[in-house]
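Following: one structure in structure tokens, then a few remarks.
Predicted, not measured: the structure shown is a model, and the values here were computed from it.
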Amino acid sequence: MNHTTLISTTARPSLLTLGKYRIAASPHLLPDGLFAAQVSIASGQGSACTARVIRYDSAFSTHEAATDYAIAQGIDWVHDTTRHTARPN
């Protein structure tokens with residue numbers, strides 16, 4: 001029996017690690033057939049774990065578009081956060 005695995009090299013993954021942060025997109029289907037973007041950004045482990053979930057109002061025509069948007073927003077959030085913590089007061 002042959003098994004074929006298709007791997008897309010152009011789509012962004014729905015889960016990635018950036019430094020100490022884990023970014024996961026979780027788009028969901030809306031009643032009108034469009035998709036809403038949502039991203040979870042977590043850091044730490046066990047009792048020291050923190051997580052935030054950000055939901056966006058924009059609707060996307062495909063699951064992939066909502067995933068791409070959520071991941072991009074998560075990456076931007078991490079970059080902004082690490083840039084602010086790197087600056088001396």
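Expressed to the nearest 0.5 Å, how far CD1 of Ile54 lies from CD of Gln38 amounts to 10.0 Å. Distance CD1/Ile75 to CD/Gln73: 10.0 Å, rounded to 0.5 Å. Between atom CG of residue Asp76 and atom CD1 of residue Ile71 there is a gap of 11.5 Å, rounded to the nearest 0.5 Å. One distance of note links OG of Ser40 with CD1 of Ile23; it measures 9.5 Å at 0.5 Å rounding. One distance of note links NZ of Lys20 with OG1 of Thr82; it measures 9.5 Å at 0.5 Å rounding.
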Residues Thr81, Arg83; criterion side-chain contact (heavy atoms from CB on, under 4.5 Å); working and verdict
CA-CA 5 Å; Thr81 299; Arg83 189 174 14 246; over 6 Å; no
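Closest heavy-atom contact between Leu15 and Ala24: CD1-CB, 3.7 Å. Of all non-hydrogen atoms in Asp32 and Leu34, the two that sit nearest each other are OD1-N, 3.0 Å. Here the closest non-hydrogen pair linking Ala70 and Ala37 is CB-CB, 4.2 Å.
At a threshold of 4.5 Å between non-hydrogen side-chain atoms, the residues Trp77 and Val39 do not count as touching. Using a 4.5 Å cut-off on side-chain heavy atoms (C-beta onward), Asp68 and Phe60 make no contact.
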